[in-house]
Amino acid sequence: QVQLVESGGGLVQAGGSLRLSCAASGGTFSTYVMGWFRQGPGKEREFVAAIGWGAGNTYYADSAKGRFTISRDNVRNTVYLQMNSLKPEDTAVYYCAPTTGFGSIRDPRDYLYWGRGTQVTVSS
């Protein structure tokens, strides 16, 4: 099983930017659709963005559209999430995961496994 490590989180003021990375080791996820999810305090894990294996198809939650950009480098086995114009509502732990290939790309139950996550905190 591929091990996933999310990084790049931190504390940022509203309106600022962060770039998250999801690095894989022990294998490759180059053929998988990869997704970013987040989970805020007292909330369920929610979909943020996803990207197809060839990087030709991207999907975004309404809350992320126009502000976040998902990308991937299959050679480096890394998925990225560029986050701009951050809002306090974006505060959460961010996770990446490969999809099962079935069901909805927006449903966390249809993803195989997860990294430990990286904390993003946006101050007012």
Side-chain angles (χ1 to χ4, degrees):
Q1 189 175 76
V2 177
Q3 302 297 309
L4 304 175
V5 179
E6 299 96 336
S7 63
L11 176 63
V12 65
Q13 291 184 320
S17 299
L18 286 172
R19 190 191 192 205
L20 307 184
S21 297
C22 174
S25 63
T28 179
F29 52 56
S30 62
T31 62
Y32 289 85
V33 174
M34 296 294 297
W36 282 99
F37 286 75
R38 67 188 183 187
Q39 188 166 17
K43 298 182 178 180
E44 296 183 346
R45 191 164 298 185
E46 67 173 343
F47 173 79
V48 178
I51 186 167
W53 74 268
N57 297 100
T58 56
Y59 313 86
Y60 295 96
D62 288 341
S63 61
K65 191 178 301 181
R67 299 189 299 125
F68 296 0
T69 302
I70 187 171
S71 61
R72 70 191 300 169
D73 185 335
N74 289 334
V75 175
R76 297 178 183 271
N77 288 318
T78 304
V79 179
Y80 305 96
L81 184 68
Q82 177 67 46
M83 305 189 296
N84 299 324
S85 301
L86 284 164
K87 305 174 181 179
E89 303 92 275
D90 297 318
T91 296
V93 178
Y94 284 71
Y95 302 88
C96 70
T99 185
T100 63
F102 301 95
S104 173
I105 61 170
R106 298 175 179 267
D107 191 341
R109 295 174 297 180
D110 293 325
Y111 284 73
L112 293 170
Y113 51 88
W114 309 83
R116 295 176 61 186
T118 184
Q119 176 71 51
V120 172
T121 303
V122 184
S123 63
S124 301

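In this structure, F37 is a member of the same hydrophobic cluster as I105, with clusters built from ILVMFWY side-chain heavy atoms closer than 4.5 Å. By the criterion of side-chain heavy atoms lying less than 4.5 angstrom apart, applied directly or through intervening Ile, Leu, Val, Met, Phe, Trp or Tyr residues, L4 is grouped together with I51 in one hydrophobic cluster. One hydrophobic cluster holds both Y113 and V48 under the rule that ILVMFWY side chains link at heavy-atom gaps under 4.5 Å.
Formation of a donor-acceptor pair under 3.5 Å by the Y60 side chain with backbone atoms of I70 is found in this model. A distance-only check finds a donor-acceptor pair linking the side chain of E6 to the backbone of R116 [under 3.5 Å].
How far OG1 of T58 is from CZ of R72: 12.0 Å, rounded to the nearest 0.5 Å. In this structure, OG1 on T78 lies 10.0 Å from CE on M34, to the nearest 0.5 angstrom. A distance of 9.5 Å separates CD of Q119 from CG of L11, quoted to the nearest 0.5 Å. Put simply, CD on E89 and OG on S63 are 9.5 Å apart, with the number rounded to the nearest 0.5 Å.
In terms of the side chain to side chain donor-acceptor pair (under 3.5 Å) criterion, residue partners of R67 (sequence neighbours excluded) are, by chain and number, D90.
Minimum heavy-atom separation, A50 to Y111: CB-OH, 4.0 Å.
Within the structure, every pair that satisfies the side-chain hydrogen bond (donor to acceptor under 3.5 Å, both in side chains) test and touches residues 93-104, not counting sequence neighbours, is listed here: R38-Y94.
Checked against the 6.0 Å centroid criterion, the rings of F68 and W36 do not qualify as a close aromatic pair. Aromatic ring centroids of Y59 and F47 lie 6.0 Å or more apart.
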Let me have the donor-acceptor pairs involving side chains of residues 79-88, under 3.5 Å, with sequence neighbours excluded, atom names and distances please.
{"unit_1": "Q82", "atom_1": "NE2", "unit_2": "N84", "atom_2": "OD1", "d": "3.0"}
{"unit_1": "N84", "atom_1": "OD1", "unit_2": "S17", "atom_2": "OG", "d": "2.9"}

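Of the listed residues (L20, V5, L18), just one forms a side chain to side chain contact (heavy atoms under 4.5 Å, CB included) with T118, and that residue is L20.
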